[in-house]
Number of protein chains: 2
Amino acid sequence: MAKEKTTDEALERFALFLKRHSLKMTRERRLILREIFSSDDHFEAEDLLLRFRARKEKVSRATIYRTFDLLNKAELIKKSDFGENHYHYERSYGQEHHDHMICRRCGNVIEFSNPDIEALQEKIAKDYSFEMTSHTLQIFGYCVNCRQK
Amino acid sequence: MAKEKTTDEALERFALFLKRHSLKMTRERRLILREIFSSDDHFEAEDLLLRFRARKEKVSRATIYRTFDLLNKAELIKKSDFGENHYHYERSYGQEHHDHMICRRCGNVIEFSNPDIEALQEKIAKDYSFEMTSHTLQIFGYCVNCRQK
DNA sequence: TTCGATGCAAAAGATTTGCATCAGT
DNA sequence: ACTGATGCAAATCTTTTGCATCGAA
């Protein structure tokens, strides 16, 4: 199944990253990566913690944060900000890049992607001799259900 | 001078917003708005607090946060996230829209603006019948000085 | 056997809130 | 006068860290 393939690839990539930095692949790191790649959804630290607890998997909050940091550095996940004061994360490997529209009233997040915008960003970075590693775009406003007609 | 004009307009706009919501224009709110509009720079809550303290202006941290929230709602300032775990703010009135390139190594923030990207965002919002009130775009990577040649 | 990793609890930061008092309207 | 605003300190919430112990290589 495609999902499992992606997970395995991500795991491999993570293993490589760890090796390159003389770090170790542990049960917890594997669990966290697997959990993240088991779905396409955004996730938060607290969120994962609760899922593990519900399943009686023993992974501490500290380890979750520490692993997010590594996964972020390995460019397997990335942080995004939806205007709340904690981070949201999402997979950045095995998923095509996309951006977000966030409804200010209902909080709903709509994903979209637009190749023209991607291309323009590359061009801008190049113009400034900036080496782009990632980018994120948020459109805030009111979704179709929440806007005042 | 242009800056003073903008400040006055912003003040007027804030007054209107407050009136519409049956809120009051106070000395502190005026001070905060003035301080923000006295420069084009990004700012943070702590940042403003220190500036007031240095000048012996009496404005509490709580009031700063509460006022930021109002100014944000009045669309006079906006929050942005540069990947640190606290908010940065910037004026959103009297300043043309721009986006940011953030260097992962030195933390430097480069502003840029691109009308084509603006236009594309408008179009995308329209396509989703999304009423856009603001948008923010960040490019992360390495600036010209920090990239490895 | 050697370091890095984990869990826990404490610490650190940023932001919010309850409450008594103050001040616009 | 009425009602919202302020300041303070305490509370909250998220994330980080020190340290003793554990486990991958």
Side-chain angles (χ1 to χ4, degrees), chain A residues 11-12 14-35 42-53 55-74 77-89 107, chain B residues 11-12 14-35 42-53 55-74 77-89 107:
Chain A
L11 218 32
E12 223 172 285
F14 193 30
L16 204 69
F17 172 89
L18 292 173
K19 183 165 290 175
R20 265 205 302 274
H21 295 260
S22 318
L23 302 174
K24 294 167 185 172
M25 174 58 86
T26 62
R27 188 189 71 92
E28 289 78 3
R29 291 180 178 170
R30 239 186 306 264
L31 273 173
I32 292 170
L33 187 148
R34 280 237 163 75
E35 186 57 30
H42 301 146
F43 54 92
E44 308 166 25
E46 200 58 22
D47 187 23
L48 269 208
L49 185 70
L50 294 179
R51 283 196 247 160
F52 285 130
R53 289 207 172 148
R55 260 193 273 134
K56 315 267 188 228
E57 299 280 22
K58 216 165 52 54
V59 183
S60 75
R61 199 193 312 274
T63 296
I64 290 179
Y65 278 107
R66 288 190 274 233
T67 303
F68 278 9
D69 189 45
L70 291 175
L71 289 170
N72 191 42
K73 289 195 174 108
I77 66 174
K78 69 178 192 203
K79 285 184 172 181
S80 30
D81 175 51
F82 294 160
E84 301 179 41
N85 54 6
H86 64 271
Y87 287 111
H88 291 243
Y89 296 83
Chain B
L11 217 33
E12 223 173 284
F14 192 32
L16 203 69
F17 172 89
L18 292 173
K19 183 164 288 175
R20 265 206 303 275
H21 295 261
S22 318
L23 302 174
K24 295 168 183 169
M25 174 58 87
T26 63
R27 188 188 71 91
E28 288 79 2
R29 291 180 178 170
R30 239 186 306 264
L31 273 174
I32 292 169
L33 187 147
R34 280 237 162 76
E35 186 57 29
H42 300 148
F43 53 93
E44 308 166 25
E46 201 59 23
D47 185 27
L48 270 208
L49 185 69
L50 294 179
R51 283 197 247 161
F52 285 130
R53 289 209 173 146
R55 258 192 274 134
K56 316 266 186 229
E57 299 280 21
K58 214 166 52 54
V59 183
S60 74
R61 186 186 273 119
T63 297
I64 290 179
Y65 278 107
R66 287 189 275 234
T67 304
F68 278 8
D69 189 46
L70 291 174
L71 289 170
N72 190 42
K73 288 196 174 108
I77 66 174
K78 71 180 189 200
K79 284 184 174 181
S80 31
D81 175 50
F82 293 160
E84 301 179 42
N85 54 6
H86 65 270
Y87 286 110
H88 292 243
Y89 296 83

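Because the structure is predicted, anything quoted here is derived from the model rather than measured. Every chain is numbered from 1 and lettered A, B, ... according to where its sequence line falls, protein lines coming before strand lines.
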TODO: Nearest whole angstrom, please: distance from the C1' of C/dG4 to the CZ of A/Arg27.
DONE: 17 Å

Open item on the list: Just the rounded figure in Å: distance from P of C/dA14 to CD of B/Glu46.
Closed with: 6 Å

Task: Gap between atoms CZ and C1', on A/Arg61 and D/dT17 respectively (whole Å) - done: 14 Å

- [ ] Answer yes or no: is there an ion pair linking A/Lys58 with A/Glu28, defined by an N-O contact shorter than 4.0 Å?
- [x] no

TODO: Take the protein atom CZ of A/Arg66 and the nucleotide atom C1' of C/dG4, then report the distance between them rounded to whole Å.
DONE: 11 Å

Task: Which nucleotide in D/dA25, C/dG24, C/dG7 has an atom nearest any side-chain atom of A/Met25 - done: D/dA25

- [ ] Looking only at side-chain atoms of B/Ser60, point me to the closest of C/dA5, D/dC8, C/dT25.
- [x] D/dC8

Task: A/Phe17 CZ - C/dA5 P separation (whole Å) - done: 11 Å

Task: Min side-chain heavy-atom separation A/Glu35-A/Val59 under 4.5 Å - done: no

Task: Closest listed nucleotide, where the reference is the side chain of A/Lys24 and the choices are C/dT25, C/dC3, C/dT6 - done: C/dC3

Open item on the list: So, does B/Tyr65 get its side chain near the phosphate of C/dT15, meaning an N or O under 4.0 Å from OP1 or OP2?
Closed with: yes

- [ ] With ring-ring contact (aromatic ring centres under 6.0 Å, His included) as the test, would you mind laying out the steps for A/Phe43 and A/Phe68 before giving the verdict?
- [x] CA-CA 11 Å; A/Phe43 54 92; A/Phe68 278 9; 5.5 Å; yes

Task: Student check: side-chain heavy atoms of A/Leu71 and A/Tyr89 closer than 4.5 Å - done: no

- [ ] Compare every heavy atom of A/Leu11 with every heavy atom of A/Leu33, then report the nearest pair and how far apart it is.
- [x] CD2-CD1, 3.7 Å

Open item on the list: In this structure, how many angstroms lie between the C1' atom of C/dT6 and the CG atom of A/Leu49, rounded?
Closed with: 14 Å

- [ ] Starting from the 5' end of DNA chain D, give me the residue, B/Ala62 or B/Ser22, whose nearest nucleotide shows up first.
- [x] B/Ser22

Open item on the list: Between A/Thr63 and C/dA5, is there a contact of a side-chain N or O with OP1 or OP2 at under 4.0 Å?
Closed with: no

Task: Distance, rounded to the nearest Å, where B/Lys58 contributes NZ and D/dA5 contributes P - done: 16 Å

TODO: From the options D/dA24, D/dT6, C/dT15, select the nucleotide whose nearest atom is closest to the side chain of B/Thr26.
DONE: D/dT6

Task: Length of the line joining B/Ile64:CD1 and C/dT15:P, which is rounded to integer Å - done: 11 Å

